[in-house]
Amino acid sequence: MRPLAIASAVLSLAATALCAETNLTKPLTSTIILPSTFKPAQNFKNANLVHIINLEKSYPKESINVVIENIAKTAQDEYFIPFTARQMETIGGLEVKDRKDADAGKFAVEAVEFDAESDTQFYRIRLPKPLAPKAQQTLGISFSYLSALNPLPANIAQNDKQFLVYTFSAYCQSAYVTTKQKTEVKFPGTAIPDYTIIPGTNGAPESPQRQGTKFTYGSFGEVPTSAVEPVQVRYEFTKPLIHVSRLERDIEVSHWGGNIAFEDRYIMTNRAANLSKQFSRVDYAAQQYYNPPSTAVKELKFPLKIGSLDPYFTDVIGNVSTSRFRSNKREANLEIKPRYPVFGGWNYPFRVGYSADLNKYLRKLSSGTTYVLNVPLLEGPKQSEGMEYEFIELRVILPEGAENVQYSTNVPLVTAGTSLHRTFMDTTGRTALTLTAINIVDDFRDRELIVTYDYPVLAILRKPLVIFITTVSLFAAAWGIGSLDVSIRGKRS
């Protein structure tokens with residue numbers, strides 16, 4: 001579905017600046033099928049490439065800044081990025097932009113399929129304008145991997161430090177020859193006991209060069225296509241690895257009530273190292289006095305929109321009282337503590353909900369019956385260690401009778417569709433827009449979802465008319481039944 005042409009006019013009506021780009025990235029749902037013998041044509045070369053790997057959170061975030069040059073004799077607009085089959089399953093949030101032209105927006109990116117059995121798969125980048133022969137363009141490519149960090153050892157004591165292992169290539173994976181490149185790795189601290197050393201060649205120093213919490217592999221000279229130099233690093237990260245296997249988010253709009261209700265249902269897992277011994281409540285309570293680093297999830301903090309009301313926090317047992325909500329004119333924060341500390345390998349399903357004034361999220365166009373809804377697509381906890389979401393299902397439940405529903409977002413989505421959601425006092429059911437996304441990280445938190453829909457006057461009046469007619473019918477039926485003569489009399493002679 002594509003956004004309405006009026007989206008640009010709508011943005012000026014909103015109180016905040018909105019990002020109304022069409023969803024461009026389509027992970028794992030490509031319909032572009034190429035021959036099994038496919039190999040990207042050598043139309044480009046990477047004149048200079050800097051590969052940055054950020055390990056400061058509970059998931060690796062990678063960015064590639066590359067100057068590409070068209071070495072073909074004709075203009076080209078397709079650039080391919082290779083990934084392994086495992087990487088294709090866990091990659092998320094792949095975005096591409098022009099580093100030197102911020103106004104160009106994000107480029108269209110699609111996963112291409114050519115051989116399901118091959119270990120090498122590709123994403124295809126569509127340049128906004130074909131690149132002329134011998135011309136250069138600077139691309140900024142960013143993405144993350146889910147479930148890519150593994151604790152080593154896999155089992156530790158309750159108070160022990162945790163070390164993670166990450167494996168990558170010192171040579172950035174590329175379908176093209178790279179003239180010059182280097183790989184930078186950013187760590188959360190200086191405790192890095194194990195890492196791969198690459199000997200220098202032709203008088204160059206060995207890699208990595210260490211500077212504080214940053215390692216640099218390279219720079220390297222010309223590297224051929226698909227070259228790989230395996231590197232493994234092991235570093236301290238005594239924090240939880242928060243993984244949400246499923247998030248179901250409902251946003252319900254009520255025009256008559258002037259209210260919008262949010263509810264998020266989480267299935268959360270901590271991927272940190274498992275406990276080698278049984279959990280000790282005594283040791284855990286003693287630690288709270290000096291609060292050392294821990295792999296357990298002790299608290300989750302939700303920065304909500306200003307004006308949020310009536311929050312609640314429940315789990316499979318019922319209401320959880322260990323929460324605190326602070327709201328004023330400048331902020332609204334919900335802080336929750338799980339019923340128990342969530343250590344490595346433990347699960348914790350829970351739900352969080354709140355409501356707000358609909359006028360803060362909804363605008364009506366000056367002409368016609370079109371409404372514009374602007375809501376955060378993802379509004380989960382904001383943790384220093386980060387969070388990753390394997391699967392997200394978002395439902396925007398609109399009023400009964402809403403039609404011509406369209407949406408716009410810059411969060412990579414997998415599927416989108418509309419259906420009917422039937423609830424109390426409905427006749428045909430409410431219109432529900434359902435969006436799904438996979439492999440999303442908390443960097444996408446608070447990105448807007450803009451939904452436009454038509455809500456005719458007759459649809460607005462439908463519910464009160466149904467209530468009025470139902471009430472009158474009940475009174476009429478009661479009067480009619482009361483008027484019946486059901487007495488028993490004898491026959492007249």
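Just so you know, these numbers come straight off a predicted model, no measurement behind them. Excluded from the calculations below are hydrogen atoms, water molecules and symmetry mates; all remaining heavy atoms, backbone and side chain alike, are included.
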Q: Would you confirm whether the ring centroid of F262 sits within less than 6.0 angstrom of the ring centroid of Y361?
A: yes
**Q.** Short side-chain to backbone donor-acceptor contact, T436 and T415, under 3.5 Å
**A.** yes
Q: Given side-chain hydrogen bond (donor to acceptor under 3.5 Å, both in side chains), test D98 with Q137 step by step and report yes or no.
A: CA-CA 7 Å; D98 191 326; Q137 188 170 8; 3.0 Å; yes
Q. Between F237 and K239, is there a cation-pi geometry (under 6.0 Å to ring centre, at most 45° from the normal)?
A. yes
Q) Taking C-beta and beyond as the side chain, do R351 and E248 meet within less than 4.5 Å on heavy atoms? A) no
Q.
Quick check for you: to the nearest 0.5 Å, what is the distance between Q406 atom CD and Y453 atom OH?
A. 14.0 Å
**Q.** Trace of the salt bridge (Lys or Arg N to Asp or Glu O under 4.0 Å) decision for R249 with E379
**A.** CA-CA 9 Å; R249 177 171 170 83; E379 205 172 12; 3.1 Å; yes
Q) Would you say I156 and Q162 make side-chain contact, with heavy atoms under 4.5 Å? A) yes
**Q.** Crowding at NZ, K298 (>12 non-hydrogen neighbours, <6.0 Å)
**A.** yes
Q. Does the side chain of P381 reach to within under 4.5 Å of the side chain of M387, using non-hydrogen atoms?
A. yes
Q | Validation row: F313, F325 side chains within 4.5 angstrom (heavy atoms) | A | no
Q) With distance as the sole test, does N439 use its side chain to make a donor-acceptor pair with the main-chain N or O of E89 at under 3.5 Å? A) yes
Q. Would a 4.5 Å heavy-atom cut-off, applied to side chains only, mark L127 and F107 as touching?
A. yes
Q) Should V342 and M268 count as side-chain neighbours, where that means a heavy-atom distance under 4.5 Å? A) yes
Q: Return yes if some donor-acceptor pair links the side-chain N/O of E62 with the main-chain N/O of F143 below 3.5 Å, else return no.
A: no
Q) Can the ring centres of Y348 and Y340 be said to be less than 6.0 Å apart? A) yes
Q.
Is it the case that atom CZ in F279 sees more than 12 heavy atoms from other parts of the structure closer than 6.0 Å?
A. yes
Q. Can we say E385 and K57 salt-bridge, meaning some charged N sits less than 4.0 Å from an Asp/Glu carboxylate O?
A. no
Q: Taking all non-hydrogen atoms of both residues into account, name the closest pair between P60 and L55 and its distance.
A: CB-CD2, 3.7 Å
Q. Short question: side chain of T238, backbone of P293 - any donor-acceptor pair under 3.5 Å?
A. no
Q. With sequence neighbours left out, what residues match R339 under salt bridge (charged side-chain N to carboxylate O under 4.0 Å, His left out)?
A. D315
Q) Which word best sums up how the rings of Y145 and F83 line up, parallel for under 30°, tilted for 30 to 60°, or perpendicular for over 60°? A) perpendicular
Q.
Quick one: does any side-chain atom of K382 pair with a main-chain N or O of G386 as donor and acceptor, under 3.5 Å?
A. no
Q) With side chains defined as the heavy atoms from C-beta onward, is the minimum distance between L300 and F350 less than 4.5 Å? A) yes
**Q.** Side-chain heavy-atom pair K277, Q158 within 4.5 angstrom cut-off
**A.** no
Q) Is a side-chain N or O of T471 found less than 3.5 angstrom from the main chain of I467, in a donor-acceptor match? A) yes
Q) Does the ring center of Y59 lie less than 6.0 Å from the ring center of H243? A) no
